[in-house]
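Let me begin by presenting the structure, written as structure tokens, before commenting on it.
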Amino acid sequence: MITQAIQNVTLTLIRGNIVDISADVIVNAANSALAGGGGVDGAIHRAAGPSVMQECHKFERCPTGSAVVTSAGQLKAQYIFHAVGPIYGHHADAAQLLASAYDTCLDLAEKYRVQSIAFPSLSTGAYGYPLNEAAPIALQTVIEHLTQEATTLRQVVFVLFDERTFQAYARALERLLPSS
Ligand code: ADP
């Protein structure tokens, strides 16, 4: 686990399964049809129970780079933010769309006045975004939000499923905010 303070907020990188994390908001890596899928989306819906998919069906779709909010079903959270990252190689402005997916979640966190939010690594699984490009975008977007805006957040956690992903985020964070 790696922890850094940014203003009054703790930014944590942890290796693990996002459904086991306690946070006000769990972010899902959804698809724009909000149709459910494998990866983190499948794990979140399995753990949250069917009520969350029923809520998702009320939305027609979610544009890439944006997010929608549902309750969290049986998860230990208040909300799930279903964020849609870009498919690498499919969207010309992938970097901008990836940053926008994170930014939308951070803005929603302020709107709902929550104190903690847990992100997975959006777009780096089935959507094929190279980890070494995605990790600095994810972290930079969070750091900019926390340093530029008044925030209700006290904790931002990246829950990284495997060692390779964790190490990519650790390297990117060390470059953005050197620890010594
Ligand atoms: P995308 O379609 O946005 O690429 P994926 O779910 O395929 O989404 O992958 C995104 C990241 O989530 C990958 O790094 C994958 O290893 C990771 N992941 C898969 N299951 C979980 C989980 N239960 N908790 C946290 N991260 C997960």
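Indexing begins at 1, ligand by ligand and atom by atom, following the structure's order.
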Any idea which atoms of ligand 1 are less than 4.0 Å away from a heavy-atom of Ala43?
23 (N)
I'd like to know if Gly85 contacts ligand 1, where contact means a heavy-atom distance under 4.0 Å to any ligand atom.
no
In ligand 1, the atoms that come under 4.0 Å of a heavy atom of Asn17 are 22 (C), 23 (N), 24 (N)
Of all the heavy-atom pairs spanning Ile26 and Ala77, show the shortest one and how long it is.
CG1-CB, 3.7 Å
Would you say Tyr102's side chain and Leu122's backbone share a donor-acceptor pair under 3.5 angstrom?
yes
Would you say ligand 1 has an N or O under 3.5 Å from any N or O of Gly128?
no
Restricting to non-hydrogen atoms, name the atom on Thr151 and the atom on Arg154 that form the minimum distance, rounded to 0.1 Å.
O-NH1, 4.2 Å
Are Asn28 and Val40 packed together at the side-chain level, in the sense that at least one heavy-atom pair is separated by less than 4.5 angstrom?
yes
What's the shortest distance from atom 12 (O) of ligand 1 to any protein heavy atom, and which residue and atom give it?
Val40 CB, 4.0 Å
Residue pair Ser179 / Glu174, side-chain donor-acceptor N/O under 3.5 Å
yes
What are the two closest heavy atoms between Phe158 and Val142, and how far apart are they?
CZ-CG2, 3.8 Å
Looking just at side-chain N and O atoms, do Ser71 and Glu55 make a donor-acceptor pair shorter than 3.5 Å?
yes
Options Tyr127, Tyr88, Phe161, ranked by nearest heavy atom to atom 16 (O) of ligand 1, top entry
Phe161
If you take the nearest heavy atom of each of Pro86, Gly125, Ala83, which one is closest to atom 4 (O) of ligand 1?
Gly125
Protein contact to atom 3 (O) of ligand 1 [nearest heavy atom, distance to 0.1 Å]
Ser123 N, 2.9 Å
Taking side chain as C-beta onward, heavy atoms only, is Thr70 less than 4.5 Å from Phe59?
yes
Please state which protein non-hydrogen atom is closest to atom 14 (O) of ligand 1 and give its distance, to 0.1 Å?
Thr124 OG1, 3.4 Å
Is the contact between Ala126 and ligand 1 made by the side chain, the backbone, both, or neither, using heavy atoms and a 4.0 Å cut-off?
both
Verify the neighbour count for atom CD of Glu149: are there more than 12 heavy atoms of other residues, nucleotides or ligands below 6.0 Å?
yes
Please list, in number order, the atoms of ligand 1 under 4.0 Å from a heavy atom of Ala29.
3 (O), 8 (O)
If I apply the N/O under 3.5 Å rule, does Ile18 come out as touching ligand 1?
yes
Contact check: Pro120 vs ligand 1, nitrogen or oxygen atoms, below 3.5 angstrom:
no
Ligand 1 atoms in contact with Ser121 (distance to a heavy atom under 4.0 Å):
10 (C), 11 (C)
Check contact between Val19 and ligand 1, using heavy atoms of the residue and a distance below 4.0 angstrom.
no
Which ligand 1 atoms, with their elements, are less than 4.0 angstrom from a heavy-atom of Gly39?
6 (O), 19 (C), 20 (N)
For the rings on Tyr88 and Tyr127, is their centre-to-centre separation under 6.0 Å?
no
What's the separation between atom CD1 in Ile2 and atom OH in Tyr169, rounded to the nearest 0.5 Å?
13.0 Å
Sub-3.5 Å N/O-N/O distance, Asp41 and ligand 1:
no
